[in-house]
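Computed from a predicted model, the values in this text were never measured in an experiment.
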Amino acid sequence: MNQEENKTVTSTTGEASTASTVNSTLNASDNRMLAGSPGIVIAPVTEGARDASAADKGRVNVATNNTGVATPNLVQQTKAPLINPTVVTPRVEVTSATSVTPPPAVETPNPLPASTVPSKKSRKGRGTLIFLLIVIIIGMGAYIYMDYQKDQARGECSPLVASDNSLRELSLDSSIVQELYNKVKTTVREDLAYNTFDDTLKLYLAFRQIPNSEIYESNCNLFNENSMSNFTCSGATNFVPLAFSEDTLQEEVRKLFGESVTIENQNIVLGNSCFGGYQYIADRGEYVKGYCGQVPTTTYNADKELVSASVQGDTITLREKVRYYSAQTSVPDSLKSGIYVYTFKLDNHYHYAYISRTLEQAS
């Protein structure tokens, strides 16, 4: 067996990184290097059969010298540096024929549904709405209270003020007293023309309540000049009659005499006078005014004075002192001096309806 030659392997940096004893020269015909892991030397194979003893089993770094004594061939293994593999990202070429689909977006779950998470804008709008509602409620309450105070001063809330049905005097200057009295008081000429409290007088009083805005210029079509004495229409020169609808009159009837009261439509005129002078034309649904050439005159006078007003429960009572007189002749029996009582009753629509006019005490 040829003598082995030990060789030292040196790293590229000049430092001895691995001291390993290897067999550099083998007999080409007798010995063979077995391939193994780097840094591990495999014992050469001898020519003869060799029975490895128990002590030799598993020993691989053993060489035999010329003396026949096996000497261990010490191998110093140097820890090889770890090589970090280079991670190469696959290259993807995108051409016109290749479409790259982006990965689906990952949705972050919302812990609360969208409807239950109010935004700052919605919270602000909700707060503004609540504030407006509070302002409206306060405003309505203030308006109702002030209106109640006005009605109480006028006596319109008498059912509440006089809930114990006691008699209470009202101021003659109060608005409710003056309003009711102006609706029903008449002049001496009206009293002389017609002094009976019936549907004729009621229609006339209701006609007096019609505002000027509801009266308009019209024509004499279907006007019957024979149905009302002292009145004409088409025979008058340069005369344009005025008119109003029957619905307008009936509305004033309900306001003055009560919501449940209806009075049959008929001509509006006081006796044989020129007071009123509106003819009801059913086919037109209108009241049309005729022309009266008379000038109402009288020699009678009247002194009228409102002396008291009271409320009891839902009823207001006005008392008027009247004195008819004339300097030239006696007063007709139809004109009676004395205390006249006007009675008004609160209806279901909070209107004081005109119920009656009676002579309480003649003088």
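We find that E360 and R319 are joined by a salt bridge, their nearest charged nitrogen and carboxylate oxygen being less than 4.0 Å apart. Salt-bridge check for E251 with R254: failed, with every basic side-chain N at 4.0 Å or more from each acidic carboxylate O.
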Checklist entry - Does the pair V184 and R357 meet the rule for a side-chain contact (heavy atoms from CB on, under 4.5 Å), with working shown? => result CA-CA 9 Å; V184 299; R357 186 193 69 172; over 6 Å; no
Checklist entry - Would S234 and E225 count as a side chain to side chain donor-acceptor pair (under 3.5 Å) if you check the C-alpha gap in whole Å, the side-chain angles of each, and the deciding distance to 0.1 Å? => result CA-CA 9 Å; S234 58; E225 296 187 0; 3.1 Å; yes
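Proximity of L242 to E217: side-chain heavy atoms (C-beta onward) are separated by under 4.5 Å at one or more points. Using a 4.5 Å heavy-atom cutoff, the side chains of K304 and Y181 are in contact. Within the 4.5 Å cutoff, the side chain of V253 has heavy atoms near those of the Q250 side chain.
Ring geometry for Y354 against Y342 counts as tilted: the plane angle lies between 30° and 60°, on a 0 to 90° scale. Between Y287 and Y280, the ring planes are tilted. Angles from 30° to 60° get that label.
Between T186 and L205, the shortest heavy-atom distance links the atoms CG2-CD2, 4.3 Å. For the pair S227 and Q279, the tightest heavy-atom approach, listed with the atom from each and the gap, is OG-NE2, 2.9 Å. Closest non-hydrogen pair, V188 versus A302, comes out as CB-CB, 3.8 Å. Contact between V331 and Y325 at its shortest, heavy atoms only, is CG2-CA, 3.7 Å. Considering every non-hydrogen atom in both E252 and P211, the closest pair reads OE2-CD, 4.0 Å. Of all the heavy atoms in S334 and N195, the pair that sits closest is O-ND2, 2.7 Å.
Around CG of D198, the count of heavy atoms belonging to other residues, nucleotides or ligands within 6.0 Å exceeds 12. Around atom CG of N182, more than 12 heavy atoms belonging to other residues, nucleotides or ligands sit under 6.0 Å away. Residue-environment remark: CD (E264) stays at or below the threshold of 12 foreign heavy atoms within 6.0 Å. Residue E259 qualifies as enclosed at atom CD: its count of foreign heavy atoms under 6.0 Å is above 12. The environment of OH in Y291 is sparse: at most 12 heavy-atom neighbours from other residues, nucleotides or ligands sit within 6.0 Å.
Aromatic ring centres of F275 and Y194 lie farther apart than the 6.0 Å criterion allows.
Residue Y204 is not grouped with residue I281 when hydrophobic side chains (ILVMFWY) are merged at heavy-atom distances under 4.5 angstrom, including chains of intermediate members. Cluster membership for I215 and F239, using ILVMFWY side-chain heavy atoms within less than 4.5 angstrom, is not shared. Follow the hydrophobic side-chain contacts under 4.5 Å out from L306 and you reach F197 in the same cluster. Residues L170 and I355 do not share a hydrophobic cluster, clusters being chains of Ile/Leu/Val/Met/Phe/Trp/Tyr side chains in contact below 4.5 Å. Transitive grouping of hydrophobic side chains (ILVMFWY, heavy atoms separated by less than 4.5 Å) brings F344 and L346 into a common cluster.
If you check the side chains of Y324 and D191, you find a donor sitting under 3.5 Å from an acceptor. Between T248 and S245, the side chains place a donor N or O and an acceptor N or O closer than 3.5 Å (distance only, hydrogens not considered). A donor atom on one side chain and an acceptor atom on the other are not found under 3.5 Å apart for S273 and R189.
In this structure, N221 CG and E286 CD are separated by 9.5 Å, a value rounded to the nearest 0.5 Å.
Of the candidates H351, K202, K183, L256 forms a side-chain contact (heavy atoms from CB on, under 4.5 Å) with just one, namely K183.
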